[in-house]
Enquirer: 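Pasting a structure here, questions to come.
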2 protein chains.
Amino acid sequence: MAQTDTVTRILDTAEVLFAERGFAETSLRTITSKARVNLAAVNYHFGSKKSLIQAVFSRYLDPFTERFHLALDELEARYAGEVIPLETLLETMARTVLEVPAERNSLKVFMKLLGLAYSQAQGHLRRYIQQEYGGVFTRFTELVRQATPQLPDAERFWRLHFVLGTVIFTLSGLDALRDIAEKDYQEHVTVRDLIRRLRPVVVAAMNAPLPPAPSVQAEAG
Amino acid sequence: MAQTDTVTRILDTAEVLFAERGFAETSLRTITSKARVNLAAVNYHFGSKKSLIQAVFSRYLDPFTERFHLALDELEARYAGEVIPLETLLETMARTVLEVPAERNSLKVFMKLLGLAYSQAQGHLRRYIQQEYGGVFTRFTELVRQATPQLPDAERFWRLHFVLGTVIFTLSGLDALRDIAEKDYQEHVTVRDLIRRLRPVVVAAMNAPLPPAPSVQAEAG
DNA sequence: CTACGTTTAAAACAGCTGTTTCCAGCGGAG
DNA sequence: CTCCGCTGGAAACAGCTGTTTTAAACGTAG
């Protein structure tokens with residue numbers, strides 16, 4: 001099992017370094033030297049740096065997708081055709097997000113990676129994630145649609161992305177924010193604390209009153 | 001005024017390229033060739049790439065800070081010691097954010113840059129922004145504190161960052177989201193549309209009920 | 001034993017990076 | 001006029017990048 005050792009050591013080291021510095025700012029030489037493997041090992045096992053990046057994400061997203069589908073299956077069976085409440089859907093997603101990386105105590109890394117996937121250029125990554133994991137997101141949004149029938153489709157689309165932004169932004173920048181919070185409020189903040197704080201905010205955001213109709217007004221592009 | 005031409009052309013080109021690709025992925029050669037200036041011009045006028053990045057931000061944040069201070073002055077004068085309502089504070093901030101880059105029709109670029117400032121490594125940038133523009137943010141949060149006396153300090157701190165995440169995440173990733181939204185809902189979405197949609201969501205988020213007290217439970221770090 | 005996949009070592013590759021330097025013009029200010 | 005700041009062109013610098021290649025080991029399965 002020596003090869004698993006090398007592949008795993010590369011992945012473990014790469015995900016931490018990527019989360020700390022970003023993709024472009026992390027060289028293969030930094031990864032391989034810190035992982036104590038040969039420089040050529042990355043290209044040997046993964047083919048390229050791009051594939052390494054995708055492999056780092058797959059190691060999180062594959063188990064997440066599987067568990068989330070199972071959790072939604074259970075939910076649909078339990079509610080048997082009834083509409084699943086929005087809070088239940090959100091809690092299920094939060095629980096799944098918490099469970100998957102908990103196996104390696106790396107929720108923080110996972111969240112930072114998700115934030116990077118959205119913000120860093122890396123067009124290939126966005127395409128890869130969209131293609132490989134778009135399905136489970138589509139299933140989830142359809143359930144959210146049934147849970148929020150009062151929302152116009154476009155409004156629900158935007159609000160889902162609003163709360164997605166809140167969660168990814170907060171959890172991926174957690175370290176810096178935690179430092180400030182601990183200094184100013186003498187609170188030790190865990191990820192679970194944050195999710196506890198996020199829940200009522202997210203629910204209130206999704207259930208906010210509809211905005212006024214757009215005023216007819218010219219706008220410069 | 002030939003030197004202003006070169007400096008301005010560098011800044012105009014750099015901010016667009018930075019917003020499109022990020023900082024590390026944008027080389028000085030790409031900037032200078034696209035701006036049709038000499039490669040050495042960047043180091044001549046700005047000293048280094050780091051200083052160029054900071055200059056790009058200053059060109060937005062200096063006018064923003066000045067206008068925002070003025071707007072808060074007016075608000076405090078108008079309310080004369082009375083508490084300024086939360087919605088008024090948020091609207092004032094939104095209006096200022098909209099006004100500043102409107103002079104160059106580059107709100108989208110500005111938002112992308114803000115998103116990058118948070119997500120890309122670039123520790124020097126975060127330190128620079130914090131140091132140069134932390135004051136106006138402190139003033140704003142103090143007014144928000146007076147407008148939301150029902151919130152514990154820590155809770156308000158986190159909620160402000162929640163909504164900050166929503167706004168930056170949404171507006172900085174606007175292009176990709178707009179493509180999806182237009183395809184699925186046949187809507188042409190402008191930044192002003194988004195801010196109209198954001199307002200009730202943000203207000204509801206800030207006024208959400210308090211989370212339940214944390215359950216006493218061990219957590220793995 | 002042989003063959004194969006894995007791993008290491010070391011070196012080299014071409015390419016791009018930020019930065020510096022030298023030189024030649026240009027235009028306005030003293 | 002002379003000087004000085006700005007600009008352009010071109011080249012060079014050392015350093016890092018991802019990737020490839022060659023070599024020699026190692027353990028294991030056929």
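These figures come from a predicted structure and were not determined experimentally. So that the names make sense, note that chain A is the first sequence line, chain B the second, and so on, each numbered from 1.
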Enquirer: How close or far is atom P of D/dG9 from atom CG of B/N43, stated in whole angstroms?
Expert: 17 Å

Enquirer: Does anything in residues 28-40 of chain B reach DNA chain C, meaning a heavy atom under 4.0 Å, and if so which residues?
Expert: B/L28, B/R29, B/L39, B/A40

Enquirer: Is the phosphate of D/dT7 approached by B/T6 (side-chain N or O, under 4.0 Å from OP1 or OP2)?
Expert: yes

Enquirer: State whether the side chain of A/K108 and the backbone N or O of A/V191 hold a donor-acceptor pair below 3.5 Å, judged by distance alone.
Expert: no

Enquirer: Looking only at the side chain of A/K49 (C-beta and beyond, no hydrogens), which of the listed nucleotides D/dT19, C/dT8, C/dT19 gets closest?
Expert: D/dT19

Enquirer: Kindly say whether B/T26 contributes a backbone atom to a donor-acceptor pair with the side chain of B/R21 at under 3.5 angstrom?
Expert: no

Enquirer: Below 6.0 angstrom between ring centroids: does that apply to A/F64 and A/Y133?
Expert: no

Enquirer: Is the distance from the ring center of A/F169 to that of B/F169 below 6.0 Å?
Expert: no

Enquirer: Does a side-chain N or O of B/Y44 approach OP1 or OP2 of D/dC6 to a distance below 4.0 Å, or not?
Expert: yes

Enquirer: In whole angstroms, how far is the P atom of C/dG18 from the CZ atom of B/F23?
Expert: 13 Å

Enquirer: Return the value, rounded to whole Å, for the distance between atom CG of B/L52 and atom P of C/dT17.
Expert: 15 Å

Enquirer: Whether A/H45 contacts C/dT7 is assessed here as follows: a side-chain N or O lying under 4.0 Å from the phosphate OP1 or OP2. Is that the case?
Expert: yes

Enquirer: Are the side chain of A/S33 and the backbone N or O of A/T30 linked by a donor-acceptor pair below 3.5 Å?
Expert: yes

Enquirer: Roughly, in whole Å, what's the span from CD1 in A/I53 to C1' in D/dT19?
Expert: 15 Å

Enquirer: Would you mind telling me which of C/dT20, D/dG18, D/dT7 lies closest to the side-chain atoms of A/S27?
Expert: D/dG18

Enquirer: Is any NZ, NE, NH1 or NH2 atom of the basic residue among B/E142 and B/R145 found under 4.0 Å from an Asp or Glu carboxylate oxygen of the other?
Expert: yes

